[in-house]
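Data first, discussion second: the structure below is written as structure tokens.
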Amino acid sequence: MPVYFAPGRVNLIGEHTDYNGGFVFPCALDFGTRLTIVPNSERILRFRSTNMPQTVELPAMGPFSPLPDHCWVNYPLGCIAQLVEQVELPSGYDLMYEGNVPLGAGLSSSASIEVVTAYAFNDILNLGLDRTQLALVAQKAEHTFAGVHCGIMDQFVSAQGKPDNAIFLNCDTLQFDYVPLRLENVSIVLTNSHSPHKLDAGTYNQRVSECQEAVRQISRCKPIGRLADLTPSEFQSLQSAITDPVILRRARHVVTEIQRTREAVNALKSNDLTTFGQLMNQSHISLRDDYEVTGRELDTLAQTAWQIDGVIGSRMTGGGFGGCTVSLVKNEAIDTFRQTVSEVYQRETGLQAEFYIARTGDGARRIE
Ligand code: ADP
Ligand code: MG
């Protein structure tokens, strides 16, 4: 019985830029979702997960449509629904999922369960789709079955990740470069806020529409297709076309974040981690003040980290509100970092932070 794996990811910089056609800079993690597939003679698809209580059984001949109540099966089912448009499934399958990415923590367990499914069925059915096509299938599953109008970042890095490298991805053209993470005596530390506030689909989709509204208003002066079409100086001269102050702040975050992402990648390529870290901090401030997706928990984590010697940079990562921060921390400062951040966070919010040292990993693959 074949076993497949696809990773979660951490985005180092370039947040909420993907659905605006901008740049992102994520890396795949060494944790993710495993999928064991066993054919059955009952002609049913039986979905199970060690992370979820519900088992779902569906006739393998389809047709497939989204399940109610935010059922977890929508993520894999949305992928299978697309892949069987051309070919019929030769049998039923028992699908057993097992994830070790914390769910809903901004490390993209959703992309890992989608991509592992798309990768596995592409392999079993010999469909011949490449990794970028599989990422697009997974993204569409999230749009049409899970109802989140996400960009391509999460699925792309889960499909294309490479150990010790981050991916500098142009989300408009899908051209990408692997950039080696030469961090030497520095670690990528993830801090899980365990915040009860989640970025729900409604708030996420609202930010997507606010960016579309900014494009509409700017297009009255200069026709553009997406916010990534504007350089920061063009944005300066055109911003008065945006009449609503909230829409203006949303657009300013996106335009400046795309620029920060370019600069951060250049800094990393020239081994200038100090600049990289400062850009991470500025990214957090922009997400806090202009995009308004941080909240008290993530602000407390990042702002506490900024005060600690040996912290090179720290910012929220993922969609926002709950979830994790990502910090670059000198190895000799990690103990102090954990201790100080834990104490301050618990005092300020009553919550317990959890820490992981991130290790980068490979993209989707068959493991057995
Ligand atoms: P994130 O992608 O940041 O982890 P999301 O809210 O986008 O958060 O996705 C989390 C959802 O994905 C879960 O609530 C669940 O529905 C689904 N999911 C992810 N991994 C698994 C898994 N291993 N088993 C079952 N469902 C999963
Ligand atoms: Mg997700």
Side-chain angles (χ1 to χ4, degrees), residues 3-11 15-16 18-19 24 26 28-29 31-37 45-56 66-80 94-120 135 138-159 161 190-205 207-208 293 295 297-298 316-326 354 356 358 364 367:
V3 184
Y4 297 88
F5 178 87
R9 62 97 188 94
V10 58
N11 189 23
E15 212 66 77
H16 288 282
D18 58 350
Y19 53 82
V24 291
L29 296 169
F31 46 55
T33 303
R34 257 168 89 98
L35 165 58
T36 307
I37 300 196
L45 289 178
R46 185 178 292 116
F47 293 88
R48 283 194 205 133
S49 167
T50 54
N51 308 87
M52 290 285 171
Q54 317 101 292
T55 299
V56 171
L67 304 173
D69 303 325
H70 305 289
C71 179
W72 68 271
V73 172
N74 281 321
Y75 296 88
L77 186 61
C79 298
I80 296 170
D94 279 38
L95 306 169
M96 172 53 103
Y97 293 92
E98 200 180 340
N100 59 357
V101 192
L103 305 193
L107 303 177
S108 215
S109 67
S110 61
S112 73
I113 189 170
E114 290 153 4
V115 171
V116 78
T117 308
Y119 188 95
Q139 180 196 23
K140 192 170 167 197
E142 189 136 349
H143 285 196
T144 55
F145 275 62
V148 181
H149 300 153
C150 61
I152 189 65
M153 167 171 69
D154 300 355
Q155 293 81 7
F156 195 92
V157 60
S158 183
L190 306 175
T191 308
N192 191 339
S193 66
H194 286 295
S195 162
H197 307 124
K198 300 285 179 225
L199 180 73
D200 58 33
T203 313
Y204 188 95
N205 293 345
R207 291 294 182 278
V208 176
V293 289
E297 290 83 2
L298 293 173
M316 60 150 270
T317 186
F321 294 116
C324 291
T325 57
V326 55
E354 192 181 356
Y356 325 94
I367 54 175

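Order of appearance sets the numbers: ligands from 1, and atoms from 1 within every ligand.
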(request) Could you pull out the closest heavy-atom pair between G318 and H16, with the gap in Å? (result) O-NE2, 4.4 Å
(message) For a quick test of reading the model, state the closest non-hydrogen atom pair linking C79 to T117 and the distance between them.
(response) CB-CG2, 4.3 Å
(request) For the residue pair Y204 and Y19, establish whether any side-chain heavy-atom pair is separated by less than 4.5 Å. (result) yes
(message) If the cut-off is 4.0 Å to any non-hydrogen atom of I113, which atoms of ligand 1 fall inside it?
(response) 19 (C), 21 (C), 22 (C), 24 (N), 25 (C), 26 (N), 27 (C)
(message) Using side-chain heavy atoms (C-beta onward) and a distance below 4.5 Å, is L67 in contact with F47?
(response) no
(message) Students should be able to answer this: which protein heavy-atom is nearest to atom 9 (O) of ligand 1, and at what distance?
(response) S110 CB, 3.3 Å
(request) Among all protein heavy atoms, pick the one closest to atom 16 (O) of ligand 1 and tell me residue, atom and distance. (result) W72 CB, 3.2 Å
(request) Could you tell me the residue and atom name of the protein heavy atom closest to atom 14 (O) of ligand 1, and the distance to it rounded to 0.1 Å? (result) M52 CE, 3.9 Å
(request) Can you sort out which atoms of ligand 1 are near S49, meaning under 4.0 Å from one of its heavy atoms? (result) 22 (C), 23 (N), 24 (N), 25 (C)
(message) Distance check below 2.8 Å: does S110 bring an N, O or S atom to the Mg ion (ligand 2)?
(response) yes
(request) Kindly give the heavy-atom pair with the smallest separation between S195 and G322, and that separation in Å. (result) CB-CA, 3.9 Å
(message) What protein heavy atom lies closest to atom 23 (N) of ligand 1? Include the residue and the distance to one decimal.
(response) N51 OD1, 3.0 Å
(message) Check whether S108 reaches the backbone of G8 with its side chain - one donor and one acceptor, N or O, closer than 3.5 Å.
(response) no
(request) Please write down residue, atom name and distance for the protein heavy atom closest to atom 3 (O) of ligand 1. (result) G106 N, 3.0 Å
(message) Students should be able to answer this: which protein heavy-atom is nearest to atom 20 (N) of ligand 1, and at what distance?
(response) L103 CD2, 3.3 Å
(message) Please list the nearest protein heavy atom to atom 12 (O) of ligand 1 with its residue and the distance rounded to 0.1 Å.
(response) Y75 CE1, 3.6 Å
(request) Closest by any non-hydrogen atom to atom 10 (C) of ligand 1: pick that one out of S108, P102, S109. (result) S109
(request) Check whether any side-chain heavy atom of W72 sits under 4.5 Å from a side-chain heavy atom of L103, and report yes or no. (result) no
(message) Quick check: do R34 and V116 have side-chain heavy atoms less than 4.5 Å from each other?
(response) no
(request) Of the side chain and backbone of L107, name the one, both, or neither that has a heavy atom under 4.0 Å from an atom of ligand 1. (result) backbone
(request) Considering the heavy atoms of A105, write down every atom of ligand 1 situated less than 4.0 Å from one of them. (result) 3 (O), 4 (O)
(message) Tell me the protein heavy atom at minimum distance from atom 8 (O) of ligand 1, and give that distance in Å.
(response) G104 CA, 3.2 Å
(message) Measuring only between side-chain heavy atoms, which start at C-beta, is C150 closer than 4.5 Å to Q139?
(response) yes
(request) For P66 and F145, work out which heavy atoms get closest and say how close. (result) N-CE2, 3.5 Å
(message) Give the atom numbers and elements of ligand 1 that come within less than 4.0 Å of a heavy atom of G99.
(response) 23 (N)
